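Everything on this sheet refers to the single structure shown next.
Proteins come first, then strands; the chains are lettered A, B, ... in the order of their sequence lines, and each starts at number 1. Fair warning: this is a prediction, and the values are worked out from it, not measured in the lab.
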Amino acid sequence: MRDDVPASPAPERCRRLQALLVDWFDAGQRGLPWRRTSDPYRIWLSEVMLQQTQVERVIDYYERFLLQFPTIEALAAASLDDVLKLWEGLGYYSRARNLLAAARIICERHGGRFPSDSEAARALPGVGEYTSGAVLSIAYGVPLPALDANAVRVFARLFGVKGDPARGETRRRLREIARATVPDDRPGDFNQAVMELGATVCIAGRPDCLVCPVVETCAARAAGLETEIPPRRRSSTSAVTEVAAVARDGDCVLLMQRPHDSYWPGLWVFPSADFDGPNPGEAVEALLHQAGLEAEAGHTLLELSYGIMDRRVELTVLCTEVGGEPTAERWRWVALAEIEDLAMPSPHRTIAQALPGG
DNA sequence: AACCCGTGGCA
DNA sequence: TTGCCAAGGGT
């Protein structure tokens, strides 16, 4: 055996794990909307929404999305603006753009049906190793692993894999474990059982080993390392100050659409910018001048703080008198009644709801 | 490989 | 309050 090929767990141990976890899943799985369907489209949609997003946050978005787009064909015919509006508040908005692009590809090249072939699925935008394995195992019974953050934690603890899962060698070991443990029989239920265990019992903080169906087989528990595996991620946040302008012209307000190569791609925001000086009014006026507008900053409408990625933002929102038409692309005067139809990120939706008459 | 991409709940 | 975390993918 070559050194760079991780050892597989023993077949007998894999079978034991499969039986215990699937029985546990059968006995007590949560009733979730995407578990009441076998439609590959619906399972795909749920997996995309669940990327880096907890189950409880997804449920309402999932059901609203399917009311508007019940089939892949309906989704493929939609506009990006409509899809983004349904995604508003869920985060990671490139998922919505990729979902729409993939739906159009599926209609053009796959007869409107999510492909059951792994390579074809992986070729779709927004469908990576995890999502392809999850959809194919759950919707089509293909014995592929679905190694999400839950499964990484569960396998690392069960098999005593101590390294940082972000590192290549540890990741290869965990992928080999996931590949070896997924059964030919009911692979989708096994994958969901592993993830369900990680989400409800074998959680990141303090795992509830007393109710774990596989605690007898757990290497981390046997060594007293269940809270040390996997190692904590380190993170740092930076503090940032921003200004935003609420520029009114009668029943209209000035908005700008975010570019696709940064955060909040394609979403609408009040004109805003970082600033680090003592005078937020000057910063707002400079921002609007760059867009070809005359501007005079007025009073503070509200101040709010929000987090985005690793940034902690203190945002000052200024009412601003504006003259002229914006020359910059992506800037628009929008009627107050139309704002609710545009997709806005959470902090800017908060601003919109604070507008008098808005 | 390492970094970018959201949001809100929780301790 | 601050940091951690979540059914990842693209580059």
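B:dC5 and C:dA7 have their P atoms separated by 23 Å, given to the nearest Å. Atom C1' of B:dG8 sits at a distance of 16 Å from the matching atom of C:dT1, rounded to the whole Å.
Within the 4.5 Å cutoff, the side chain of A:W44 has heavy atoms near those of the A:V127 side chain. The shortest side-chain heavy-atom distance between A:L17 and A:L158 falls under the 4.5 Å cut-off. Between A:L197 and A:V214, the closest side-chain pair of non-hydrogen atoms falls below 4.5 Å. Between A:W333 and A:V253, the closest side-chain pair of non-hydrogen atoms is not below 4.5 Å.
Between A:L124 atom CG and C:dG10 atom C1' the separation is 14 Å, expressed in whole Å. If you take CZ of A:R312 and P of C:dG3, they are 10 Å apart, rounded to a whole angstrom. Regarding A:R172, its CZ atom lies at a distance of 12 Å from the C1' atom of B:dA1, rounded to whole Å. In this structure, A:F25 atom CZ and C:dA7 atom C1' are separated by 12 Å, rounded to whole Å. At whole-Å resolution of the value, CD in A:E47 and C1' in C:dA6 are 14 Å apart. If you take CH2 of A:W44 and C1' of C:dG9, they are 14 Å apart, rounded to a whole angstrom. Atom-to-atom, CG of A:L84 to P of B:dC5 comes out at 16 Å; the value is rounded to the nearest Å. Rounded to an integer number of Å, the gap from A:H260 NE2 to B:dG6 P is 12 Å.
For A:T131 and C:dG9, a side-chain-to-base donor-acceptor distance below 3.5 Å is absent, hydrogens and geometry of angles not being considered. Donor-acceptor pairing under 3.5 Å, judged by distance alone, is absent between the side chain of A:Y130 and the base of C:dG8.
Closest approach to the A:A204 side chain among C:dA7, B:dG8, C:dA6 is made by C:dA6 (side chain taken as heavy atoms from C-beta onward). Comparing atom distances between the A:R233 side chain and each of C:dA7, B:dG6, C:dC5 picks out C:dC5 as nearest. Checked against C:dG3, B:dG8, C:dC4, the side chain of A:T237 finds its nearest nucleotide in C:dG3. Taking only side-chain atoms of A:Q51, from C-beta outward, the nucleotide of C:dG9, B:dG6, C:dA7 with the closest atom is C:dG9.
Checked against the 6.0 Å centroid criterion, the rings of A:F69 and A:F65 qualify as a close aromatic pair. The aromatic ring centres of A:Y61 and A:W87 sit 6.0 Å or more apart.
For A:S262, a side-chain nitrogen or oxygen approaches OP1 or OP2 of B:dC5 to under 4.0 Å. Using a 4.0 Å cut-off, some side-chain N or O of A:W264 falls inside it from OP1 or OP2 of B:dT7. Contact between the side-chain N/O atoms of A:T53 and the OP1/OP2 oxygens of B:dT7 is not found at any separation under 4.0 Å. Using a 4.0 Å cut-off, some side-chain N or O of A:Q52 falls inside it from OP1 or OP2 of C:dG8. Contact annotation: A:S235 side-chain N/O to C:dC4 OP1/OP2 distance is under 4.0 Å. Taking 4.0 angstrom as the limit, A:Y92 places none of its side-chain polar atoms (N or O) nearer than this to OP1 or OP2 of C:dA6. Under 4.0 angstrom from either OP1 or OP2 of C:dA7 there lies no side-chain N or O belonging to A:R57. Between A:R153 and C:dA6 there is a side-chain polar atom (N or O) within less than 4.0 angstrom of OP1 or OP2.
Nearest-nucleotide mapping onto DNA chain C: of A:R30 and A:R122, the residue sitting toward the 5' end is A:R30. Projected onto DNA chain B by closest heavy-atom contact, A:Y93 and A:R171 fall at different nucleotides, the more 5' of which corresponds to A:R171.
Nucleic acid contact class of A:W34 (heavy atoms, under 4.0 Å, all strands): base. Looking at heavy-atom distances under 4.0 Å, A:R167 makes no contact with the nucleic acid at all. At the heavy-atom level, A:E56 lies nowhere under 4.0 Å from the strands shown. Residue contacts shown for A:R35 include a base, since a base heavy atom lies under 4.0 Å away. Within the nucleic acid shown, A:I203 has no heavy atom closer than 4.0 Å to any nucleic acid atom. Among the atoms of the strands shown, base atoms are found under 4.0 Å from some heavy atom of A:L32. Here A:G198 lies out of heavy-atom contact (under 4.0 Å) with every strand. Residue A:G205 is classed as having no contact, given no heavy-atom separation below 4.0 Å to the nucleic acid.
The closest donor-acceptor contact from the side chain of A:S46 to the backbone of A:I43 lies under 3.5 Å. Judged by distance alone, with hydrogens and angles left aside, the side-chain atoms of A:T350 form no donor-acceptor pair with the main-chain N or O of A:H348 at under 3.5 Å.
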